[in-house]
Peer 1: 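Mind looking over this structure? Questions follow.
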Amino acid sequence: MRLMSQILTIMGVLLLSGFSLPAAAENANYTFETEAQERQFRQLINELRCPKCQNQSIADSDAPLALDLRERVYQMTKDGASRDEIIDFMRVRYGDFVHYKPPMNATTMVLWWGPGLVLLLGIGTIIYRVRQQRREPDQLSAIEQQRLDELMAEEKQQSDKERRE
């Protein structure tokens, strides 16, 4: 029991230290003159995507490029650059991919409207198919209708015969 408790304690410490790594990267020694600068910096490093990483912000990534980008955002923020100026600077160097909210333009139009169009097309197709099935009753061919009439006549004769008996 004591050994199990020690193992659980060690696992807990390891888990906590693993979760604190990205936070440590974000809380490196960055000092700001105003609270607004610090807020802008924190917001930007969480909005900007690491170009080398798989879906990680530059705040979460430990890649050397992400460290450089964080440092660049820090310097530009300290120099008084606005949020839009910093994002534009990053877009010029790394393309629209660097921002989690890409601008709406000709190259990103598919990203913005594509999923909605596919959804509308699917809903439209389902509605069309359901309406089409309701409008078209099953039509029998002349031969099938004749055979059905014969079967119904035979069944009626048989039921009349059974009633008489």
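Only a predicted model underlies this, so the values are computations on that prediction, with no experimental measurement involved.
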Peer 1: Are the side chains of Ser141 and Gln146 in touch, meaning some heavy atoms are under 4.5 Å apart?
Peer 2: no
Peer 1: Say you draw a straight line from CG of Leu67 to CD1 of Ile58; how long is it, rounded to the nearest 0.5 Å?
Peer 2: 9.5 Å
Peer 1: Just wondering, do Glu33 and Glu38 contact through their side chains at under 4.5 Å, heavy atoms?
Peer 2: no
Peer 1: Should the pair Tyr74 and Tyr30 be assigned to parallel (<30°), tilted (30 to 60°) or perpendicular (>60°) ring geometry?
Peer 2: tilted
Peer 1: So that I can tick it off, tell me whether Arg147 and Glu144 are bridged by a salt bridge, with the cut-off set at under 4.0 angstrom between side-chain N and carboxylate O.
Peer 2: no
Peer 1: Under a single-linkage definition using a 4.5 Å side-chain heavy-atom cutoff for Ile, Leu, Val, Met, Phe, Trp and Tyr, are Leu140 and Leu151 assigned to the same hydrophobic cluster?
Peer 2: no
Peer 1: Please say yes or no: joined through hydrophobic side-chain contacts below 4.5 Å, possibly via intermediate residues, are Ile87 and Met104 part of one cluster?
Peer 2: no
Peer 1: So how far is it from Lys78 NZ to Thr34 OG1, rounded to the nearest 0.5 Å?
Peer 2: 9.5 Å
Peer 1: Roughly how far apart are Gln37 CD and Met76 CE, rounded to 0.5 Å?
Peer 2: 13.0 Å
Peer 1: Ile123 and side-chain contact (heavy atoms from CB on, under 4.5 Å): which partner among Ile126, Leu121, Leu119?
Peer 2: Leu119
Peer 1: State whether the side chain of Gln40 and the backbone N or O of Ala81 hold a donor-acceptor pair below 3.5 Å, judged by distance alone.
Peer 2: yes
Peer 1: Looking at every heavy atom in both Pro51 and Phe97, which two are closest together, and how far apart are they?
Peer 2: CA-CE2, 3.9 Å
Peer 1: Where do Pro115 and Val110 come nearest, in terms of heavy atoms and distance?
Peer 2: CD-O, 3.7 Å
Peer 1: Determine, using the 4.5 Å side-chain heavy-atom cutoff (strictly less than), whether Leu117 and Met109 are members of one ILVMFWY cluster.
Peer 2: yes
Peer 1: Verify, without hydrogens or angle tests, whether Asn46 (side chain) and Arg42 (backbone) share a donor-acceptor contact under 3.5 angstrom.
Peer 2: yes
Peer 1: So how far is it from Thr77 OG1 to Ile45 CD1, rounded to the nearest 0.5 Å?
Peer 2: 9.5 Å
Peer 1: Would you indicate whether Gln132, at its atom CD, is surrounded by more than 12 heavy atoms from other residues, nucleotides or ligands within a distance under 6.0 Å?
Peer 2: yes
Peer 1: Does atom CD of Glu150 have more than 12 heavy-atom neighbours from other groups under 6.0 Å away?
Peer 2: yes
Peer 1: Flag the pair Lys161 and Glu165 as a salt bridge only when some basic side-chain nitrogen lies within less than 4.0 angstrom of an acidic carboxylate oxygen.
Peer 2: no
Peer 1: Do Trp113 and Leu120 belong to the same hydrophobic cluster, where Ile, Leu, Val, Met, Phe, Trp and Tyr are linked whenever their side-chain heavy atoms lie under 4.5 Å apart, directly or via other members?
Peer 2: no
Peer 1: Roughly how far, to the nearest 0.5 Å, is CD of Gln43 from CG of Leu48?
Peer 2: 10.0 Å
Peer 1: Just how far is it from atom OG of Ser61 to atom CZ of Arg49, taken to the nearest 0.5 Å?
Peer 2: 12.5 Å
Peer 1: With respect to Met90, which candidate in His99, Glu85, Arg72 satisfies the side-chain contact (heavy atoms from CB on, under 4.5 Å) definition?
Peer 2: Arg72
Peer 1: Is there a donor-acceptor pair under 3.5 Å between the side chain of Thr108 and the backbone N or O of Pro102?
Peer 2: no
Peer 1: In terms of hydrophobic clusters joined by side-chain contacts under 4.5 Å, are Phe41 and Leu65 together?
Peer 2: yes
